[in-house]
Amino acid sequence: MIEGKLVNLRSIDLPDAGRYVAWLNDREVTRHLQMRYPLSLLAEEHWIRERSATSMTFVSAGNYAIETKHGVHIGSVGFHYVNPENRKATLGIMIGDKAYWSKGYGTDAMLTLLRFGFDEMNLHRIDLSVDAGNARAVACYRKCGFIEEGRLRDQRYSRGAHHDQLWMGLLRQEFHALHGRVGSERRDTGSGIA
């Protein structure tokens, strides 16, 4: 388990499948996600089983369930496209339980995973893409330290219209300058994953 201030990040388990199906079939939750088609419980259980069968390695760092400190599962966050040679990864997040929107849980989940990525996985760069019109997410990412690096015009088609997406990135030293470093007495040797 990876511990944050408001949330813990844990592995995704089979009993979580029903919640994911409910969230990913809710058009309000998936408005800014790449989800277009209805999801079945069988498909979600298969996805969880497939990921559980592989051992967790640097390259398959995967997704984590976001759980409040009271044990309520509210979403997921994870690294995708982890590239150990370049020490980088792409991040994605979803707060599926709408009762927890705009209350700081997403920001804490992001900061918790970013700290893990930079301090434990020795990543140098973490990036993400976000719909330009998703003001709540863009504000969260900026608060975490992400900088807009580009705009992909009409990148995504959803609900009858094309939408721009922003490409945002964060470097390890930028994150530490903004949020500090746990165990800053340690010397960063730059080694660990090559």
Leu152 reachable from Tyr81 in the ILVMFWY side-chain graph, under 4.5 Å edges: no
Side chain Asp13, main chain Pro15, donor-acceptor under 3.5 Å: no
Lys/Arg N to Asp/Glu carboxylate O, Asp108 vs Lys69, below 4.0 Å: no
Pairwise side-chain contact, Leu91 with Leu114, heavy-atom cut-off 4.5 Å (strictly under): yes
Spacing of CD1 belonging to Ile74 relative to NZ belonging to Lys98, to within rounding of 0.5 Å: 14.5 Å
Distance (rounded to the nearest 0.5 Å) between Leu166 CG and Glu148 CD: 4.5 Å
Shortest non-hydrogen separation from Gly106 to Ile93 and the atoms involved: O-CD1, 3.6 Å
Residue pair Arg10, Asp16: steps toward the salt bridge (Lys or Arg N to Asp or Glu O under 4.0 Å) verdict: CA-CA 11 Å; Arg10 63 162 175 80; Asp16 299 326; 2.9 Å; yes
same_hphob_cluster(Ile147, Met110) at 4.5 Å side-chain heavy-atom cutoff: no
Heavy atoms of other groups near Arg153 CZ, more than 12 under 6.0 Å: no
His179 side chain vs Leu111 backbone, donor-acceptor pair below 3.5 Å: no
Heavy atoms from other residues, nucleotides or ligands near NE2 of His46 exceed 12 (cutoff 6.0 Å): no
Short side-chain donor-acceptor distance under 3.5 Å, His163 and Arg156: no
Gap separating the OH atom of Tyr37 from the CG atom of Leu24, nearest 0.5 angstrom: 15.5 Å
Main-chain N/O of Ala99 paired to Asp97 side chain as donor or acceptor, under 3.5 Å: yes
Flag for His176-Asp119: side-chain donor and acceptor within less than 3.5 Å: yes
Closest approach of Asp127 to Arg125 (non-hydrogen atoms, all atoms of both residues): OD2-NE, 3.3 Å
4.5 Å side-chain heavy-atom contact, Val72 and Tyr100: yes
Stepwise side chain to side chain contact (heavy atoms under 4.5 Å, CB included) test for Val130 and Phe146: CA-CA 11 Å; Val130 58; Phe146 281 89; over 6 Å; no
Cation-pi check, Arg136 onto Trp101 ring (under 6.0 Å, within 45° of axis): yes
hydrophobic_cluster_shared for Leu123 and Leu171, side chain cutoff 4.5 Å: no
Transitive ILVMFWY side-chain link Leu178 to Phe175, under 4.5 Å: no
4.5 Å side-chain heavy-atom contact, Met121 and Phe79: yes
Charged N-O contact under 4.0 Å between Glu3 and Arg115: no
Co-membership, hydrophobic cluster, residues Trp167 and Tyr141, 4.5 Å side-chain: no
Gap between atom CG of Leu9 and atom CD of Glu67 - 0.5 Å precision: 9.5 Å
Euclidean distance, Leu113 CG relative to Ile126 CD1, rounded to 0.5 Å: 6.5 Å
Test item: Ile95 and Trp23 side chains (from C-beta on) under 4.5 Å apart, heavy atoms: no
Close side-chain approach of Asn8 and Tyr64, heavy atoms under 4.5 Å: no
Polar side chain donor-acceptor pair, Asn122 to Arg87, under 3.5 angstrom: yes
Whether Ser40 side chain and Ala43 backbone form a donor-acceptor pair below 3.5 Å: yes
Distance-only donor-acceptor check, side chains Arg31 and Asn134, under 3.5 Å: no
Student check: side-chain heavy atoms of Thr107 and Cys144 closer than 4.5 Å: yes
Polar side-chain atom of Asp164 near backbone of Asp154 as donor-acceptor pair, under 3.5 Å: yes
Residue pair Ser11 / Ala65: nearest heavy atoms and the distance that separates them: O-CB, 4.0 Å
Asn63-Ser76 side chain donor-acceptor pair, cut-off 3.5 Å: no
Gap separating the CG atom of Asn25 from the CD atom of Glu44, nearest 0.5 angstrom: 9.5 Å
Side chains of Asp131 and His32, donor plus acceptor under 3.5 Å: yes
Validation row, ring centre His73 to ring centre Tyr20 under 6.0 Å: yes
